[in-house]
Protein chains: 2
Amino acid sequence: MSDNDQRLGRLARTRARLQECALDLFERQGYDQTTAAQIAGAAGVTEMTFFRHFATKDRLVVEDPYDPLIADAVAAQPRGLPPLTRAVGGLRAAWARLPEPASDDVRRRVRIAAATPSLRAAIAANNAATEQILVEQLVGDGADPDAASVAAAAVLAGITAALLRWSQRDGAALADAVSAALDTLEARR
Amino acid sequence: MSDNDQRLGRLARTRARLQECALDLFERQGYDQTTAAQIAGAAGVTEMTFFRHFATKDRLVVEDPYDPLIADAVAAQPRGLPPLTRAVGGLRAAWARLPEPASDDVRRRVRIAAATPSLRAAIAANNAATEQILVEQLVGDGADPDAASVAAAAVLAGITAALLRWSQRDGAALADAVSAALDTLEARR
DNA sequence: GAACAAATGTTAGTGGCTAACATTTAGTGG
DNA sequence: CCACTAAATGTTAGCCACTAACATTTGTTC
């Protein structure tokens with residue numbers, strides 16, 4: 001057991017073990033071909049325990065990002081602009097303020113997602129929460145609800161698409177991919 | 001048996017019966033609370049037969065739209081514009097050329113989808129095919145693949161969001177909702 | 001080391017979905 | 001009208017994601 005594991009506590013440790021085993025299996029034999037029981041077995045644990053740590057199988061790959069940060073950044077955007085422009089501006093600001101994430105781990109997950117059509121649905125469902133927050137922020141600042149809803153959905157879907165393509169390249173910077181996507185959303189490319 | 005049913009053939013008839021029973025049940029007790037066996041029973045048929053007509057439960061609500069039409073319309077857009085602009089323009093043209101669909105039936109389905117988070121995922125998965133076609137068209141006409149991918153995803157997600165909101169209103173015209181969404185995607189509102 | 005709570009295990013189920021094989025039903029040619 | 005065929009449906013059995021109720025272990029604290 002590594003030092004790192006030692007100071008994690010039993011709960012966090014099994015969770016980490018499950019996640020690691022799962023990603024390994026997904027990469028080796030595919031997400032759909034890997035059963036929950038198999039993951040649990042590889043982690044030396046019961047299927048039941050697996051589901052206590054991850055409510056659904058797809059949560060092993062898709063995780064929630066930085067909702068509050070995004071809301072703040074959008075709030076800081078100047079008013080009076082069209083919702084799409086404000087959403088894009090907010091996302092740009094939010095991203096700049098973000099700690100550069102462990103890019104390799106992110107890419108690993110996104111790669112699995114990109115290779116697994118059935119997971120795109122999970123990503124979309126996951127985006128719904130962020131979308132909700134974005135919409136509320138835009139509407140709270142005076143945008144038309146319909147327009148806000150469209151803008152929020154479009155921006156998140158656009159960024160997601162960019163992430164999926166980014167994961168297939170080697171060595172490219174995540175920040176550049178996101179930045180380019182935001183440009184596209186402003187019809188600047 | 002109505003005249004309409006008579007000239008449908010057994011296959012199409014059970015299919016229609018299944019769909020009708022399903023929508024009824026979904027509206028009365030919710031999508032998630034309705035089981036495939038229940039639908040089959042209501043239609044006087046076996047669960048097995050149900051799945052022979054609809055590969056998945058969500059296909060009862062989410063259906064494929066007009067992919068080839070969209071591709072053509074995008075192809076007809078002037079070149080040299082940013083991908084988002086071209087995609088929006090293409091969609092606008094495609095929509096204008098569309099036979100105004102049976103709005104009530106569409107609204108019925110979309111309403112169920114809007115009320116059922118677990119169905120948003122199915123919608124997203126369904127959009128993937130259209131997205132693919134859009135991307136190919138844009139790239140084939142010289143767009144950067146990354147930008148094309150972002151633009152296609154954004155436009156489809158935006159329209160989907162607009163549809164979901166439209167379904168919640170009474171009497172509003174579908175065409176207006178779509179048109180407004182496309183304006184938003186061009187940051188014109 | 002007894003007591004308590006957190007973490008895991010067991011068992012039994014539901015619901016979506018599939019495969020393999022049997023049966024019915026609706027047309028068709030004789 | 002009947003035999004024949006193919007399409008449409010039925011039966012049975014099972015996989016997998018996921019859940020509920022209850023039992024057991026494991027670590028911690030006093």
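All of these numbers come straight from a predicted model, not from anything done at the bench. The figures here come from the full heavy-atom set of this structure, side chains too, leaving out hydrogens, waters and symmetry mates.
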N/O (side chain, A:T49) to phosphate O (OP1/OP2, C:dG9) under 4.0 Å: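 Checking C:dG9 against A:T49, a side-chain N or O does come within under 4.0 Å of OP1 or OP2.
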Short side-chain N/O contact to D:dA17 OP1/OP2 from A:T35, under 4.0 Å: yes
Output the rounded distance in Å from [atom1] ([X]) to [atom2] ([N]).
X: B:M48; N: C:dC21; atom1: CE; atom2: C1'; answer: 12 Å
X: B:E47; N: C:dG15; atom1: CD; atom2: C1'; answer: 8 Å
X: A:R59; N: D:dA17; atom1: CZ; atom2: C1'; answer: 15 Å
X: B:F50; N: D:dA8; atom1: CZ; atom2: C1'; answer: 17 Å

Sugar-phosphate only, base, or nothing, as touched by B:T34 at under 4.0 Å among non-hydrogen atoms: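 If one applies the 4.0 Å heavy-atom cut-off, B:T34 turns out to touch the sugar-phosphate alone, with no base involved.
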B:H53 vs A:A37, nearer the 5' end of DNA chain D by closest nucleotide: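 So the residue in question is B:H53.
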Any strand: nucleotide that pairs with D:dA23 via Watson-Crick or wobble, under 3.5 Å: C:dT8
Between B:S118 and B:D32: side-chain donor-acceptor atoms closer than 3.5 Å: yes
N-O pairing of B:D176 and B:R165 below 4.0 Å: no
Out of C:dG16, D:dT9, D:dC18, whichever nucleotide has its closest atom nearest the side chain of B:K57: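 Per side-chain heavy atoms of B:K57, the pick is C:dG16.
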